[in-house]
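What follows is a short report on a single structure.
All chains are named by letter (A, B, ...) in the order of the sequence lines, taking the proteins before the strands, and each is independently numbered beginning at 1.
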Protein chains: 2
Amino acid sequence: MNVIPAEQRTLRADARRNRERILASGRDLFARLGPEAQMDEIAAHAGVGIGTVYRHFPTKEALLTEMVRVRFQEFSEIALSVDDVDPREALETIMRRSAEAVEGDAGFQLAMMGSNELEWEGVEQQKAALAEVVGRVISRAVAAGAVREGFTFEDFAMVMCGVTATMYYKPGSADWRRYLELMLHGVCAP
Amino acid sequence: MNVIPAEQRTLRADARRNRERILASGRDLFARLGPEAQMDEIAAHAGVGIGTVYRHFPTKEALLTEMVRVRFQEFSEIALSVDDVDPREALETIMRRSAEAVEGDAGFQLAMMGSNELEWEGVEQQKAALAEVVGRVISRAVAAGAVREGFTFEDFAMVMCGVTATMYYKPGSADWRRYLELMLHGVCAP
DNA sequence: ACCTGAACACCGTTCAAGT
DNA sequence: ACCTGAACACCGTTCAAGT
């Protein structure tokens with residue numbers, strides 16, 4: 001029933017440490033085991049009781065959601081860092097570097113796939129922030145005639161979602177680069 | 001331990017009827033409930049005992065696999081039906097009509113997403129058959145200069161996988177058409 | 001040869017007791 | 001204020017008994 005995001009409260013030092021450990025263990029175990037990763041394992045790996053995991057993250061989905069939220073934050077930082085370069089190149093760089101960031105993060109990929117079950121409320125704010133930064137780059141690119149008329153942030157999100165799906169589909173392969181290449185330049189000959 | 005695909009054996013009339021009912025119930029319930037659809041519900045909906053479901057499909061994944069296999073068969077038929085028309089148009093038609101076929105089939109989409117868990121052996125043969133028919137169309141399209149050099153069946157599969165992911169992501173929306181449009185003609189301006 | 005459903009196993013989640 | 005882990009609930013799967 002507590003709706004205040006845990007990371008905004010002031011946590012006792014040990015609680016904050018536990019929270020970080022649980023997140024790190026989650027990333028680690030989801031990457032190694034995929035959806036099979038169990039809550040007890042994550043607790044054990046983090047060196048806490050199962051109850052502590054549930055105190056910080058009320059459901060398994062909530063844990064995944066937080067992992068996604070942190071990545072979205074990272075995407076925004078990536079986008080900000082190229083906000084002033086040539087728009088076409090900026091857009092490509094955002095996509096490529098964001099994709100590279102989550103390349104080994106099967107937890108993120110997993111969460112993105114089963115997105116109906118994800119508690120998106122927690123991510124919405126981060127997504128809105130991302131939309132603003134990326135939206136600016138897209139506008140510039142469209143204005144410069146470098147990206148097709150009518151391309152939107154939602155299209156961008158759809159492309160990135162496809163990249164994520166490709167990564168999940170063939171873990172460890174670089175197929176997603178081919179995928180991004182096709183998305184950027186199209187299947188049909190010029 | 002029985003490795004003979006169930007559909008190739010001669011089944012007793014009632015068993016065959018049960019098998020079809022279970023498949024139909026699976027399609028129906030996965031479409032309505034997504035991954036939450038339970039094996040008991042599917043059994044009840046099909047009017048059989050839970051043991052009968054497991055006699056025909058040894059795991060939940062096996063049931064989903066068979067649903068996928070049947071769709072792949074359908075894709076091959078679609079591809080065959082346009083084997084002789086203008087290759088560029090043929091390829092677009094295959095993609096569009098295949099996508100439309102699975103638009104409401106959340107079970108198929110679900111199975112495609114969590115594909116590591118899927119028992120792909122059952123589908124491989126159908127996929128190989130599809131590769132042959134679609135590969136022929138792609139070759140003709142590339143030769144005609146209508147599709148970019150180096151485009152392969154695996155690229156085709158990747159695109160279709162992305163379409164499926166988009167459908168699953170936003171059930172009931174037509175976003176996948178936009179997605180396919182981007183894939184065919186690219187994000188970057190010509 | 002096939003069907004049935006009670007029983008089992010596994011894993012996400014809760015909650016009473018502890019510091 | 002936070003932690004712990006035994007106990008519970010749910011659902012995929014099995015198997016002994018039935019036709």
Side-chain angles (χ1 to χ4, degrees), chain A residues 1-2 4-23 25-26 29-30 32-67 107 110-111 114 116-119, chain B residues 1-2 4-23 25-26 29-30 32-67 107 110-111 114 116-119:
Chain A
M1 291 297 118
N2 186 352
I4 303 170
E7 73 279 6
Q8 287 181 22
R9 280 176 294 162
T10 306
L11 290 173
R12 217 167 68 179
D14 58 338
R16 160 167 296 279
R17 208 161 37 231
N18 282 339
R19 189 172 191 282
E20 289 310 317
R21 274 190 193 147
I22 293 164
L23 269 175
S25 299
L29 290 179
F30 279 118
R32 289 220 297 267
L33 310 173
E36 325 285 71
Q38 290 163 220
M39 294 300 265
D40 331 21
E41 293 178 297
I42 294 171
H45 189 272
V48 300
I50 181 65
T52 302
V53 171
Y54 277 91
R55 156 165 275 264
H56 287 286
F57 304 99
T59 64
K60 196 177 186 180
E61 286 302 325
L63 175 57
L64 283 166
T65 300
E66 177 59 9
M67 291 170 56
L110 182 67
N116 344 13
E117 283 101 89
L118 201 69
E119 290 153 30
Chain B
M1 290 299 116
N2 187 352
I4 303 169
E7 73 279 4
Q8 287 179 22
R9 280 174 295 163
T10 305
L11 291 173
R12 216 168 67 181
D14 58 339
R16 162 166 294 281
R17 207 160 39 231
N18 282 338
R19 189 172 192 281
E20 288 310 317
R21 273 192 194 145
I22 292 164
L23 270 175
S25 299
L29 290 178
F30 281 118
R32 289 219 298 266
L33 310 171
E36 325 285 71
Q38 289 162 220
M39 294 300 266
D40 332 21
E41 293 179 297
I42 294 172
H45 190 272
V48 300
I50 181 65
T52 302
V53 172
Y54 278 91
R55 156 165 274 265
H56 287 286
F57 305 99
T59 64
K60 196 177 186 181
E61 287 302 326
L63 176 56
L64 283 166
T65 299
E66 177 59 10
M67 290 168 57
L110 182 67
N116 343 16
E117 284 102 89
L118 200 70
E119 290 153 31

B:Ile22 and B:Thr52 have their tightest heavy-atom pair at CD1-O, 4.1 Å
In whole angstroms, how far is the P atom of C:dG12 from the CG atom of A:Asp40?
-> 7 Å
Heavy-atom closest contact (A:Leu11 atom, A:Arg19 atom, distance) = CD1-CD, 3.8 Å
Compare the minimum distances between each of D:dC2, D:dG12, C:dC3 and the side chain of B:Lys60, then state the nucleotide with the smallest one.
-> D:dG12
Find the distance B:Arg17:CZ to C:dC3:C1' and express it as a whole number of Å.
-> 13 Å
C:dC3 P sits how many Å from B:Arg55 CZ, rounded?
-> 6 Å
B:Phe57 has an atom CZ; how far is it from atom P of D:dG12, in whole Å?
-> 16 Å
In whole angstrom, what separates A:Glu36's CD from C:dC10's P?
-> 14 Å
Assert: residue with more 5' nearest nucleotide on DNA chain C, out of A:Gly51 and A:Gln38, is A:Gln38
Report the distance from atom NE2 of B:His45 to atom CZ of B:Arg32, rounding to the nearest 0.5 Å.
-> 5.0 Å
Among C:dG12, D:dC3, D:dG12, which is the nearest nucleotide to the side chain of A:Met39?
-> C:dG12
Just name whichever nucleotide pairs with C:dA1, Watson-Crick or G-U, keeping both distances under 3.5 Å, else none.
-> D:dT19
Can you tell which of C:dC2, C:dG12, D:dC3 lies closest to the side chain of B:Arg12?
-> C:dC2
Could you tell me the separation between the CD1 atom of B:Ile22 and the P atom of D:dT13, rounded to a whole number of Å?
-> 14 Å
Could you give the CG-to-P distance, from B:Asp14 to D:dT19, as a whole number of Å?
-> 16 Å
Which one, C:dT14, D:dC2, C:dC2, comes nearest to the side chain of B:Ala15?
-> C:dC2
Reported CD-to-CD1 distance for the pair A:Glu41 and A:Ile50, which is rounded to 0.5 angstrom | 10.5 Å
Mind calculating the distance between OH (A:Tyr54) and P (C:dT13) to the nearest angstrom?
-> 4 Å
Which one is paired to C:dT14, where only Watson-Crick or G-U wobble pairs with both distances under 3.5 angstrom count?
-> D:dA6
Examine distances only and state if a side-chain atom of A:Glu36 and a backbone atom of A:Leu33 form a donor-acceptor pair shorter than 3.5 Å.
-> no
Nearest to the side chain of B:Asn18 - D:dT4, C:dC3, D:dT13?
-> C:dC3
Considering only side-chain heavy atoms of A:Ile50, which listed nucleotide, D:dT4, D:dG12, C:dT13, is closest?
-> C:dT13
Give a yes/no on whether any side-chain N or O of B:His56 is located under 4.0 angstrom from OP1 or OP2 of C:dC2.
-> no
